[in-house]
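Presented below is the structure to which this report refers.
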Amino acid sequence: MNKADLIKEIQQLKQEKDAVILAHYYLEDDVQAVADYIGDSYYLSEIATKVPQNVIVFCGVSFMGESAKILNPEKTVLLPDPASDCPMAHMASAENIQRIREQYEDVAVVCYINSTADIKQHTDVCVTSANAMKIVRNLPQKNIYFIPDQNLGRFIAKQVPEKNFIFNDGYCPVHVQITGELVSKARTEHPDALVLAHPECTPDVLEQADYIGSTSGIIKYVTDSPAQQFIIATELGVLYQIRQNCPAKQCFAVIPEQICPDMRKITLEKVASVLQNFDNTVEMDTALAQKAYAPLQKMLELARKD
Ligand code: 13P
Ligand code: SF4
């Protein structure tokens, strides 16, 4: 089937099956183009609780689909490729959480949303890169055990010096490929460009950034900035939305490998196929879903507060 027919088929199936398509900014351009809502992980978890359709096709890695299902247990959540899994989501353990809870009386276990439901169920509150600072700042506990991402954790710790952070050793394999040295080289090649980085980057990259933020923050920064050239230190899927918003601005990658292989497993063919066959539904043990609901719901509540 050619691409135009495939897109037409997806649009028809969406109507027939009462489905909505959500896509993360790291997806292939053509998948973002068929989505009803595109966003960062906070926006997508929030919008998943508001859409009226009974079926959510979640074009993202599996923890995103899981979160949508936990927040909307009555809905059908379809993952176009269930093998699309964020490696960082597994880089924390219930044993370590237990150990920290025994060690510290006054501790909040803060869980980056890039984690499995299995991990989330043992934590106090979820965060994303868009809301972590606000949420951590407003927690009553002095000690913060931040899992799984050490880089986002260290970045937030710098902004919230009144808290005592305990870090975990998780990381994003895509973002850690971008090094400070490579950013310096890109700066030399593009001396007029501003450096925009995702907080999953390592501290030597963040030190050189003119702006640090979530995927939506980076897109907004480029869109609103009077500057014309930018070095982008995150997954290159964000360029799709940047090109829609401001086609004349120039963006440069630090390295061509800024591509998340898991996000990129999702194709238009797979979107059409799950809509057609209703396979790859997110299924979860009810007790697990109920336990993992609390930290996600707490994130939504705290992020909405003024
Ligand atoms: P955002 O929440 O900024 O969209 O990031 C998600 C992610 O997976 C980054 O690697
Ligand atoms: Fe996970 Fe990194 Fe891919 Fe984001 S970019 S989904 S953190 S592997």
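Indexing begins at 1, ligand by ligand and atom by atom, following the structure's order. Side chains included, hydrogens not; waters and symmetry mates left out as well; all remaining heavy atoms used. For reference, positions follow the sequence shown, starting with 1.
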Is the backbone of G237 close enough, under 3.5 Å, to the side chain of Q32 for a donor and an acceptor to pair up by distance?
yes
Can a side-chain donor-acceptor contact be found between E257 and Q177 if the only test is distance below 3.5 angstrom?
no
Is any protein N, O or S atom closer than 2.8 Å to atom 1 (Fe) of ligand 2, and if so, which?
C86 SG
Can you see whether F167 has R154 sitting over its ring - NZ or CZ less than 6.0 Å from the centre and within 45° of the normal?
yes
Output, or 'none' if empty, a list of ligand 1-protein atom pairs in which both atoms are N or O and the distance is under 3.5 Å, rounded to 0.1 Å.
| from | atom 1 | to | atom 2 | distance (Å) |
| --- | --- | --- | --- | --- |
| ligand 1 | 2 (O) | S41 | N | 3.3 |
| ligand 1 | 2 (O) | S41 | OG | 2.4 |
| ligand 1 | 3 (O) | S129 | OG | 3.0 |
| ligand 1 | 3 (O) | H198 | NE2 | 2.8 |
| ligand 1 | 3 (O) | T215 | N | 2.9 |
| ligand 1 | 3 (O) | T215 | OG1 | 3.4 |
| ligand 1 | 4 (O) | H24 | NE2 | 2.7 |
| ligand 1 | 4 (O) | S41 | N | 3.3 |
| ligand 1 | 4 (O) | T215 | OG1 | 2.6 |
| ligand 1 | 5 (O) | H198 | NE2 | 3.3 |
| ligand 1 | 8 (O) | N114 | ND2 | 3.1 |
| ligand 1 | 10 (O) | E200 | OE1 | 2.8 |
| ligand 1 | 10 (O) | E200 | OE2 | 3.0 |

Can you confirm whether the side chains of Y293 and Q121 place a donor and an acceptor under 3.5 Å from each other?
no
In terms of relative ring orientation, are Y211 and Y221 parallel, tilted or perpendicular, with 30° and 60° separating the classes?
parallel
Apply side chain to side chain contact (heavy atoms under 4.5 Å, CB included) to S62 and list each qualifying residue two or more places apart in sequence or on a separate chain.
L79, D85
Is there a donor in the side chain of S216 and an acceptor in the side chain of D40, or the other way round, less than 3.5 Å apart?
yes
Check which hydrophobic residues are tied to V174 through side-chain heavy-atom contacts below 4.5 Å, counting indirect links as well, and list them.
none
Evaluate the ring planes of Y26 and H175, with Trp represented by its six-membered ring, and classify them as parallel (under 30°), tilted (30 to 60°) or perpendicular (over 60°).
tilted
